[in-house]
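Below, chain A is the first sequence line, B the second, and so on; all start at residue 1.
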There are 2 protein chains.
Amino acid sequence: MELHEPELREVPVTAVLAALADDVRLQIVRALAEGGEYACGTFEFGVSKATRSHHLKVLREAGLTRTRVAGTSRCVRLRREELDRLYPGLLDAVLTAPAHS
Amino acid sequence: MELHEPELREVPVTAVLAALADDVRLQIVRALAEGGEYACGTFEFGVSKATRSHHLKVLREAGLTRTRVAGTSRCVRLRREELDRLYPGLLDAVLTAPAHS
DNA sequence: ACCCATGTTCGACTTTCATCGAACAAGCTC
DNA sequence: GAGCTTGTTCGATGAAAGTCGAACATGGGT
């Protein structure tokens, strides 16, 4: 299993923004911002595991997360430092934004 | 003609991000960030005027721009102060991001 | 070895969205 | 007022994206 984790600067800004412009993914990012590393299975956001897997793939390929393989599980974490370096203020702005509207 | 310009805090963050997650709209926002106020017709981004009108509507309804009616023309400007207040760092991060990838 | 748990991938379906031309509305200009 | 300019709105169309169940892959546990 090869995990495609692009260099952040090779990802179009629009892709990063698009990855964040989804309710489910934003919840995932918020959760990741709290704890350090999450097992994929700990996410329960009212979507099927297929959908969850899809969203985590989008986040990963947008350069937002890094995934570590641990047996049959995956451990996901935010690429916070890199993101803050390339897009200073972006994550903070999104995370401190009011959760509902 | 009534222009729907929502309160920024009533717009979901995802809507703001989605509005920015498009190449054409990002170009418009970049242009608006440079000059103060733009007549709608000055935008030429290789799309038809119908498409341009659509994108400006998306930006306006996401709370990103304010539009002033001037005869048959529209003058558009960024709601920079409000955006910086509610989402500090967001616009800067997006604007200073490398234009291509 | 068998079973189970965890994720991924594969269609399929539905919704959303970007795009356009054409029709329409509204205001200048002469 | 006739005509031009500027934008908006209206389908229509094609592409992208979210969602799911089912099938598959893989690794751990007993």
Side-chain angles (χ1 to χ4, degrees), chain A residues 1-6 11-32 35 37-77, chain B residues 1-6 11-32 37-77 101:
Chain A
M1 171 103 302
E2 313 160 2
L3 292 182
H4 181 221
E5 293 184 344
V11 178
V13 197
T14 48
V16 177
L17 293 168
L20 291 169
D22 178 275
D23 279 311
V24 177
R25 288 195 292 268
L26 201 49
Q27 287 182 60
I28 296 178
V29 169
R30 279 190 219 273
L32 288 174
E37 202 174 44
Y38 270 63
C40 186
T42 44
F43 297 116
E44 277 305 334
F45 295 125
V47 293
S48 74
K49 63 176 180 176
T51 303
R52 173 172 21 105
S53 184
H54 162 69
H55 284 308
L56 287 171
K57 182 180 183 179
V58 172
L59 288 173
R60 173 165 29 89
E61 294 188 340
L64 289 169
T65 61
R66 226 173 257 290
T67 303
R68 187 171 54 87
V69 177
T72 76
S73 298
R74 306 281 186 277
C75 282
V76 186
R77 68 179 193 281
Chain B
M1 171 106 298
E2 312 161 4
L3 293 184
H4 183 221
E5 292 184 346
V11 178
V13 197
T14 48
V16 177
L17 293 168
L20 292 169
D22 178 274
D23 277 313
V24 178
R25 288 194 292 268
L26 201 50
Q27 286 182 61
I28 295 177
V29 169
R30 279 191 219 274
L32 287 174
E37 202 174 43
Y38 269 63
C40 187
T42 44
F43 298 115
E44 276 305 333
F45 295 124
V47 293
S48 74
K49 63 177 179 174
T51 304
R52 173 174 19 110
S53 184
H54 162 68
H55 284 308
L56 287 171
K57 182 180 183 179
V58 172
L59 288 173
R60 175 165 26 93
E61 294 186 341
L64 289 169
T65 60
R66 223 174 260 290
T67 303
R68 186 171 56 85
V69 178
T72 77
S73 299
R74 308 280 186 273
C75 282
V76 186
R77 67 179 193 278
S101 83

Rounded distance (Å) that lies between atom P of dT6(C) and atom NZ of Lys57(A): 22 Å
Spacing between Glu61(A) atom CD and dT8(C) atom C1', to the nearest angstrom: 12 Å
Could you list, one pair per line, each protein nitrogen or oxygen that sits under 3.5 Å from a nitrogen or oxygen of nucleotides 17-20 of chain D, together with the distance?
unit_1: dG18(D); atom_1: OP1; unit_2: Arg25(A); atom_2: NH1; d: 3.2
unit_1: dG18(D); atom_1: OP1; unit_2: Arg25(A); atom_2: NH2; d: 2.8
unit_1: dG18(D); atom_1: OP2; unit_2: His54(A); atom_2: NE2; d: 3.1
unit_1: dT19(D); atom_1: OP2; unit_2: His55(A); atom_2: NE2; d: 2.3
unit_1: dC20(D); atom_1: OP2; unit_2: Ser48(A); atom_2: N; d: 2.8
unit_1: dC20(D); atom_1: OP2; unit_2: Thr51(A); atom_2: OG1; d: 2.9

Nearest heavy atoms of Pro6(B) and Gly63(B), plus distance in Å: CG-N, 4.1 Å
Worked check of side-chain contact (heavy atoms from CB on, under 4.5 Å) between Leu20(B) and Val13(A): CA-CA 9 Å; Leu20(B) 292 169; Val13(A) 197; over 6 Å; no
Main-chain N/O of Ala18(A) paired to Arg25(A) side chain as donor or acceptor, under 3.5 Å: yes
Residues Arg66(B), Val76(B); criterion side-chain contact (heavy atoms from CB on, under 4.5 Å); working and verdict: CA-CA 6 Å; Arg66(B) 223 174 260 290; Val76(B) 186; over 6 Å; no
Value in whole Å for how far the P atom of dA18(C) lies from CG of Leu20(B): 12 Å
Name of the residue among Val16(B), Val11(B), Ile28(B) meeting side chain to side chain contact (heavy atoms under 4.5 Å, CB included) with Leu64(B): Val16(B)
Show me the protein contacts with nucleotides 27-30 of chain C, counting only N or O atoms at under 3.5 Å.
none

Value rounded to 0.5 Å, distance of CG in Leu32(B) from CG in Leu59(B): 7.5 Å
Non-hydrogen side-chain atoms of Val24(A) and Thr51(A) separated by less than 4.5 Å: no
Distance in angstrom units between Leu59(A) CG and dT8(C) C1', rounded: 16 Å
Test log, rule side-chain contact (heavy atoms from CB on, under 4.5 Å), inputs Leu56(A) and Thr67(A): CA-CA 9 Å; Leu56(A) 287 171; Thr67(A) 303; over 6 Å; no
Rounded distance (Å) that lies between atom C1' of dA18(C) and atom CG of Leu56(B): 14 Å
Side-chain N or O of Ser53(B) closer than 4.0 Å to phosphate OP1/OP2 of dG7(D): no
